[in-house]
Amino acid sequence: MATYHDLPPHARQRLAVAERVAVLTGAGISAESGVPTFRGPQGLWRSFRPEELATPEAFARDPQMVWEWYDWRRGKVAACRPNAGHTALAAMGVKVPSFTLITQNVDGLHRLAGSTDPVELHGNIWQTRCLGCGKVQENRQTPLVPLPPTCPTCGGMLRPHIVWFGESLDPAILGRAQQVAGDADVFMVVGTSSVVWPAAGLAEVAAMNGATIIEINVEETPLTPDADVTLLGPAGYHLPRIVEGLWG
Ligand code: BV8
Ligand code: ZN
């Protein structure tokens with residue numbers, strides 16, 4: 001598999017003239033900001049197991065333990081800043097006629113980098129949802145006190161407003177992502193292991209509708225065989241060069 005130091009001509013051309021571009025990001029785009037990924041050698045789940053923490057069953061069994069994990073992650077994310085990859089995608093959002101950023105990440109770094117209206121497939125670590133009244137609220141307190149936090153409106157227990165394994169994504173949010181993927185001239189997949197569904201199926205929706213698929217990752221993934229181009233290397237290296245090269 002060839003590794004490109006830059007986009008090959010046909011992909012550059014497609015991106016240069018693209019009316020509609022969609023980008024799907026995963027934990028890899030936040031790695032250079034210091035946010036641990038899920039499955040890498042330093043991955044979050046090296047020391048934990050997803051079924052122990054990121055599931056409704058775990059939360060029902062031990063809300064305190066699940067909240068301690070999220071409180072620890074919130075503290076880590078609060079200390080992180082967007083990197084050059086996040087900033088490059090925010091710049092693309094201004095340069096491309098119709099641009100949509102879809103993210104699996106819950107760290108909120110795309111918003112912080114200036115991307116407006118990112119499609120947050122799996123929710124946001126800075127939002128809570130009340131088990132009592134259902135209210136979704138922004139809460140940036142770190143550390144959270146008390147744990148588990150309670151609803152200021154009804155006193156009910158709060159949960160992270162995040163999609164756990166075995167939970168369905170918000171149909172409106174998933175529907176928007178699938179519609180945008182289906183309309184894209186170019187679909188970029190950046191920093192994701194492409195193993196979590198239904199997010200991992202978006203590239204297929206785009207390809208079936210004729211989009212050019214450009215993958216950026218430090219290693220090959222299950223998507224690589226089906227991508228038109230895979231740029232092997234950090235998102236913080238490739239994305240600024242692409243934006244500089246096309247719209248500098
Ligand atoms: C659902 C929130 C209906 C939690 C997360 C179909 C087939 C197989 C399985 C399923 C399927 N449909 C449903 C499933 C089950 C499950 C699933 O997909 N399991 C997988 C593991 C097999 N999916 C679900 O449960 C989804 N729900 O489908 O509802 C339903 C209902 C009941 C029963 C069945 C179906 C819900 C999925 C959402 C789960 N929540 N997160 C939290 O964050 O606390 S998913 C979690 O994984 C994160 O959100 C993360 O974003 C996501 C994907 O991981 P990545 O972002 O890709 O991160 P990862 O570490 O894996 O990879 C990082 C990548 O970056 C690597 O490739 C690395 O090489 C690269 N990288 C590193 N550094 C850099 C870099 N790249 C570029 N530059 C760098 N510097
Ligand atoms: Zn409430």
Side-chain angles (χ1 to χ4, degrees), residues 24-46 48-59 66-67 69-74 76-77 83-86 88-89 102-110 120-125 127-137 149-171 173-174 188-204 215-224 230-240:
L24 171 69
T25 63
I29 194 158
S30 295
E32 292 158 85
S33 295
V35 181
T37 61
F38 286 80
R39 294 167 184 83
Q42 280 72 39
L44 275 176
W45 289 334
R46 188 176 40 74
F48 306 103
R49 284 157 46 84
E51 52 279 7
E52 279 167 14
L53 293 161
T55 65
E57 295 76 18
F59 188 75
V66 173
W67 262 117
W69 184 49
Y70 280 99
D71 193 37
W72 171 75
R73 284 175 63 191
R74 285 160 55 106
K76 277 195 88 58
V77 168
N83 64 61
H86 294 108
L89 289 179
I102 305 165
T103 189
Q104 300 171 86
N105 299 342
V106 298
D107 58 29
L109 290 182
H110 283 302
E120 294 176 320
L121 294 176
H122 298 154
N124 186 312
I125 203 163
Q127 290 182 328
T128 62
R129 186 166 80 241
C130 176
L131 298 181
C133 67
K135 201 169 168 197
V136 174
Q137 300 175 71
T150 52
C151 177
T153 311
C154 76
M157 184 188 293
L158 301 181
R159 61 164 278 176
H161 187 50
I162 278 181
V163 181
W164 283 326
F165 285 99
E167 291 187 320
S168 299
L169 279 65
D170 176 323
I173 293 175
L174 179 57
M188 300 177 77
V189 181
V190 182
T192 179
S193 55
S194 289
V195 297
V196 170
W197 291 76
L202 291 172
E204 206 174 316
E215 179 183 34
I216 298 177
N217 201 307
V218 294
E219 64 185 10
E220 295 189 359
T221 71
L223 173 67
T224 305
T230 291
L231 295 177
L232 285 182
Y237 168 83
H238 283 303
L239 286 170

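Each ligand, and each atom within it, is numbered from 1 in the order the structure gives. All values below come from the heavy atoms of this structure, side chains included, with hydrogens, waters and symmetry mates left out.
Residue-to-ligand polar distances place Glu167 within reach of ligand 1: an N/O pair is separated by less than 3.5 Å. The shortest N or O to N or O distance between Phe38 and ligand 1 is below 3.5 Å. Between Gly191 and ligand 1, at least one pair of N/O atoms sits closer than 3.5 Å. Checking only distances, Val163 does come within under 3.5 Å of ligand 1, N or O to N or O. In terms of N/O distances under 3.5 Å, ligand 1 is approached by Ala27.
Using a 3.5 Å distance cut-off with no hydrogens or angles, the side chains of Thr230 and Glu220 do not pair a donor with an acceptor. A donor-acceptor contact closer than 3.5 angstrom is absent between the side chains of Ser193 and Thr221.
Interface of Val195 with ligand 1, defined as ligand atoms under 4.0 Å from a residue heavy atom, comprises 18 (O), 20 (C), 22 (C). Atoms of ligand 1 found under 4.0 Å from any heavy atom of Ser168, numbered from 1 in the order shown, are 3 (C), 29 (O). Distances below 4.0 Å separate heavy atoms of Ala31 from the following atoms of ligand 1: 73 (N). Short contacts between ligand 1 and Trp164, defined as distances under 4.0 Å to a heavy atom of the residue, involve ligand atoms 36 (C), 39 (C). Listed by atom number, the atoms of ligand 1 under 4.0 Å from Pro198 heavy atoms are 28 (O). In summary, the atoms of ligand 1 found under 4.0 Å from a heavy atom of His122, numbered by their order in the structure, are 5 (C), 38 (C), 41 (N), 45 (S), 49 (O). Residue Gln104 approaches ligand 1 through these ligand atoms, each under 4.0 Å from one of its heavy atoms: 49 (O), 51 (O), 52 (C), 53 (C). The ligand atoms of ligand 1 that sit less than 4.0 angstrom from a heavy atom of Tyr70 are 4 (C), 42 (C), 44 (O).
Between Leu53 and Phe59 the shortest side-chain heavy-atom distance does not fall below 4.5 Å. Taking 4.5 Å as the limit, every side-chain heavy atom of Leu158 sits out of range of all side-chain heavy atoms of Arg129. Residues Ile29 and Leu89 form a side-chain contact, since some pair of their non-hydrogen atoms from C-beta on lies under 4.5 Å apart. Residues Glu219 and Thr224 fail the side-chain proximity criterion, which asks for heavy atoms closer than 4.5 Å.
At distances below 3.5 Å, not a single donor-acceptor pair connects side-chain atoms of His238 with backbone N or O atoms of Ala235. No donor-acceptor pair under 3.5 Å is formed between the side chain of Asn83 and the backbone N or O of Gly236. Between the side chain of Gln127 and the main chain of Asn124, no donor-acceptor pair closer than 3.5 Å is present. No donor-acceptor distance shorter than 3.5 angstrom exists from the side chain of His161 to the backbone of Gly123, with no hydrogens or angles considered.
The angle subtended at the Zn ion (ligand 2) by SG of Cys154 and SG of Cys130 is 90°, given to the nearest 10°.
Using a 4.0 Å heavy-atom cutoff, Arg73 is listed among the residues neighbouring ligand 1. A heavy-atom separation below 4.0 Å is not found between Tyr237 and ligand 1.
Cation-pi geometry between Arg74 and Trp67 is not met: the NZ or CZ atom fails to fall both under 6.0 Å from the ring centre and inside 45° of the normal.
One option in Asn124, Val196, Asn217, Leu239 has a heavy atom closer to atom 68 (C) of ligand 1 than any other, and that option is Asn217. Nearest to atom 75 (C) of ligand 1 by heavy atom, out of Gly201, Gly28, Gly123, Pro160, is Gly28. The residue from Gly166, Gly236, Gly85, Ser33 that puts a heavy atom closest to atom 33 (C) of ligand 1 is Gly166. Of the candidates Thr221, Thr192, Thr103, the one placing a heavy atom closest to atom 55 (P) of ligand 1 is Thr192.
Between His86 and His110, the ring-plane angle classifies as perpendicular under the 30° and 60° cut-offs.
Contacts with ligand 1 closer than 4.0 Å are made by heavy atoms of both the backbone and the side chain of Ala235. Residue-level proximity to ligand 1 for Leu53 is absent, since no heavy atom of it falls below 4.0 angstrom. With a 4.0 Å heavy-atom cut-off, ligand 1 is reached by the backbone of Val218 and by its side chain too. The proximity of Glu32 to ligand 1, defined as any non-hydrogen pair under 4.0 Å, is limited to the side chain.
Counting heavy atoms of neighbouring residues, nucleotides and ligands inside a 6.0 Å radius, atom CD of Glu167 exceeds 12 of them.
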Task: side-chain hydrogen bond (donor to acceptor under 3.5 Å, both in side chains) between Thr192 and Gln104, worked out - done: CA-CA 9 Å; Thr192 179; Gln104 300 171 86; 2.8 Å; yes

